[in-house]
S.K.: 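Have a look at the structure that comes next, please.
Residue numbering restarts at 1 for every chain, and letters A, B, ... go by the order of the sequence lines. Atoms considered below: every heavy atom in the structure, side chains included; atoms not considered: hydrogens, waters and symmetry mates.
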There are 2 protein chains.
Amino acid sequence: MGNSDPEKSAADRFLADDSLREAAATGIIGYRLRRAQLNVFQRFLTVFETLQLRPAEYSVLVLIADNPGRKQTEIAAALGIKRANFVTLAHELEARGLIERRPARDDKRANALHMTADGTAFLNHARTLHEAMEQDLVTQLGGPQARDRFVDMLERLS
Amino acid sequence: MGNSDPEKSAADRFLADDSLREAAATGIIGYRLRRAQLNVFQRFLTVFETLQLRPAEYSVLVLIADNPGRKQTEIAAALGIKRANFVTLAHELEARGLIERRPARDDKRANALHMTADGTAFLNHARTLHEAMEQDLVTQLGGPQARDRFVDMLERLS
DNA sequence: TGCATTTAGTTATATAGAATAACATTGTTA
DNA sequence: TAACAATGTTATTCTATATAACTAAATGCA
């Protein structure tokens with residue numbers, strides 16, 4: 001039983017008709033921005049597939065490693081993740097043995113987040129993969145200077 | 001009965017701790033790309049709130065107006081929307097009287113998509129709003145040249 | 001101090017976007 | 001003509017994100 005109705009990739013059809021292509025993208029910054037973002041995220045998913053790590057999870061690990069002992073709410077807020085949604089995320093990372101949620105010293109309600117030894121090793125590996133991907137992106141953008149200009153413009157839109 | 005648990009905006013907490021802020025964004029193109037995209041889309045939603053028009057719907061209308069008579073699948077594919085998901089989208093736009101789905105001459109299976117007179121008028125209004133928004137973005141980016149460089153870099157990532 | 005308000009974490013739930021599978025109808029091609 | 005492919009469709013799933021409501025604890029203030 002094979003795939004009875006395989007979708008062609010969007011790009012296949014996209015390139016099949018240039019007049020449509022032009023019409024779709026002309027003068028729409030938001031549209032191109034979204035396309036680029038989806039593309040970069042897709043690349044991320046591919047690169048991190050073997051690690052079973054999604055973008056949000058990676059950024060959470062980076063933030064905890066660089067800011068050990070912070071409370072859930074702080075990490076969540078810094079990444080623009082709602083407290084409620086962060087709960088599941090943190091629980092999964094804890095269940096995988098990558099992070100620990102210790103009772104905070106100064107606040108009995110709060111959990112202080114820390115990396116485990118396994119988590120640190122795992123993140124180091126992930127960081128290597130990420131840096132390689134990032135390097136690819138820089139190359140595509142046209143070098144470090146272009147990257148800096150690009151990131152600057154992204155910030156201007158935020 | 002007021003909002004018993006109002007969330008602070010992400011930015012409020014974000015700015016409350018610069019060390020976290022720096023850690024979150026350092027060296028992560030994908031992260032900043034996503035932030036910028038969400039921000040621009042949020043602006044779109046605000047601008048188009050009175051029209052009750054979402055980004056995908058706007059791009060569909062633009063594409064149909066610029067390519068009248070195309071089949072559903074063509075429009076959907078050009079925008080990277082799955083056939084299946086496009087059905088609801090097209091039905092809603094038709095229900096609002098903005099587009100028509102006429103039987104295609106050369107293919108009894110297919111629907112050829114056309115704007116209605118109302119749809120054209122509606123889209124003209126939407127285009128005005130969009131152009132104003134686009135102009136704001138260009139200003140934020142630092143002018144037309146910066147916009148061109150920016151869009152070029154977005155294309156490089158796609 | 002005592003009481004109202006706020007905050008941290010949590011659970012449950014809702015909504016939107018995007019993806020897959022399967023199907024009828026029609027078109028294409030070997 | 002018989003196999004295959006494409007179009008539109010429905011149903012379903014998955015993921016991300018958002019909201020409401022609750023508890024326990026902390027904070028503020030009169």
S.K.: Could you tell me whether the phosphate oxygens of dT10(C), OP1 or OP2, come under 4.0 Å of any side-chain nitrogen or oxygen in Gln72(A)?
M.R.: yes

S.K.: What is the distance from CZ of Phe41(A) to P of dG17(C), rounded to the nearest Å?
M.R.: 18 Å

S.K.: With hydrogens left out and only the distance checked, is there a donor-acceptor pair under 3.5 Å joining Asn111(A)'s side chain and the base of dA8(C)?
M.R.: no

S.K.: Taking only the side-chain nitrogens and oxygens of Thr73(A), find out if one of them lies under 4.0 Å from OP1 or OP2 of dG9(C).
M.R.: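 Thr73(A) to dG9(C) OP1/OP2: side-chain N or O found under 4.0 Å.
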
S.K.: Starting from the 5' end of DNA chain D, give me the residue, Lys71(B) or Ala56(A), whose nearest nucleotide shows up first.
M.R.: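 Looking at the nearest nucleotide for each, Lys71(B) comes out on the 5' side.
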
S.K.: So, do Asn67(B) and Leu113(B) sit near enough that their side-chain heavy atoms are less than 4.5 Å apart?
M.R.: no

S.K.: Nearest whole Å is fine: how far is dG8(D) P from Arg70(B) CZ?
M.R.: 13 Å

S.K.: I need the CZ-P distance between Arg83(A) and dA12(C), as an integer number of Å.
M.R.: 17 Å

S.K.: Between dA18(D) and Asn85(A), counting only base atoms on the nucleotide and side-chain atoms on the residue, is there a donor-acceptor pair under 3.5 Å?
M.R.: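 Side chain to base: pair present.
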
S.K.: Separation of Arg54(A) atom CZ from dC14(D) atom P, in whole Å?
M.R.: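 One finds 13 Å between P of dC14(D) and CZ of Arg54(A), rounded.
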
S.K.: Rounded off to whole Å, could you give me the CG-to-P distance for the Leu89(B) and dT10(D) pair?
M.R.: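 After rounding, the reported distance stands at 14 Å.
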
S.K.: Tell me, please, which residues at least two apart from Asp152(B) pass salt bridge (charged side-chain N to carboxylate O under 4.0 Å, His left out).
M.R.: Arg156(B)

S.K.: Would you say a side-chain N or O of His91(B) is under 4.0 Å from OP1 or OP2 of dT9(D)?
M.R.: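 Yes.
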
S.K.: Run the ring pair (Phe, Tyr, Trp, His ring centres under 6.0 Å) test against Phe86(B) and tell me which residues pass, sequence neighbours left out.
M.R.: none

S.K.: Over how many whole Å does the gap from Phe86(B) atom CZ to dG8(D) atom P extend?
M.R.: 9 Å

S.K.: Excluding sequence neighbours, so at least two apart, what forms side chain to side chain donor-acceptor pair (under 3.5 Å) with Gln140(B)?
M.R.: Arg43(B)

S.K.: What is the distance from atom OG1 of Thr116(A) to atom CD1 of Ile99(A), rounded to the nearest 0.5 Å?
M.R.: 8.5 Å

S.K.: Is the distance from OP1 or OP2 of dT6(C) to the nearest side-chain N or O of Arg109(A) less than 4.0 Å?
M.R.: no

S.K.: Using atom CG of Asp106(A) as one end and atom P of dT7(C) as the other, report the distance to the nearest whole Å.
M.R.: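 Distance check: Asp106(A) CG to dT7(C) P gives 16 Å.
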
S.K.: Taking for each residue the nucleotide of DNA chain C bearing the nearest heavy atom, is the 5' side occupied by Leu38(A) or by Thr88(A)?
M.R.: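 Comparing both residues, the 5'-ward one is Thr88(A).
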
S.K.: Report the distance from atom NZ of Lys82(A) to atom C1' of dT15(C), rounded to the nearest whole Å.
M.R.: 14 Å

S.K.: Going by the rule ring pair (Phe, Tyr, Trp, His ring centres under 6.0 Å), which residues pair with Phe44(B) if we only count those two or more places apart in sequence or in a different chain?
M.R.: Phe48(B), Tyr58(B)

S.K.: Counting only heavy atoms and a strict 4.0 angstrom limit, can you tell me which residues of residues 95-105 of chain B come near DNA chain C?
M.R.: none

S.K.: Kindly write out the residues that satisfy side chain to side chain donor-acceptor pair (under 3.5 Å) with Glu57(A), not counting sequence neighbours, or none if the list is empty.
M.R.: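 Scan of Glu57(A) (side chain to side chain donor-acceptor pair (under 3.5 Å), adjacent residues dropped) gives Arg54(A).
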
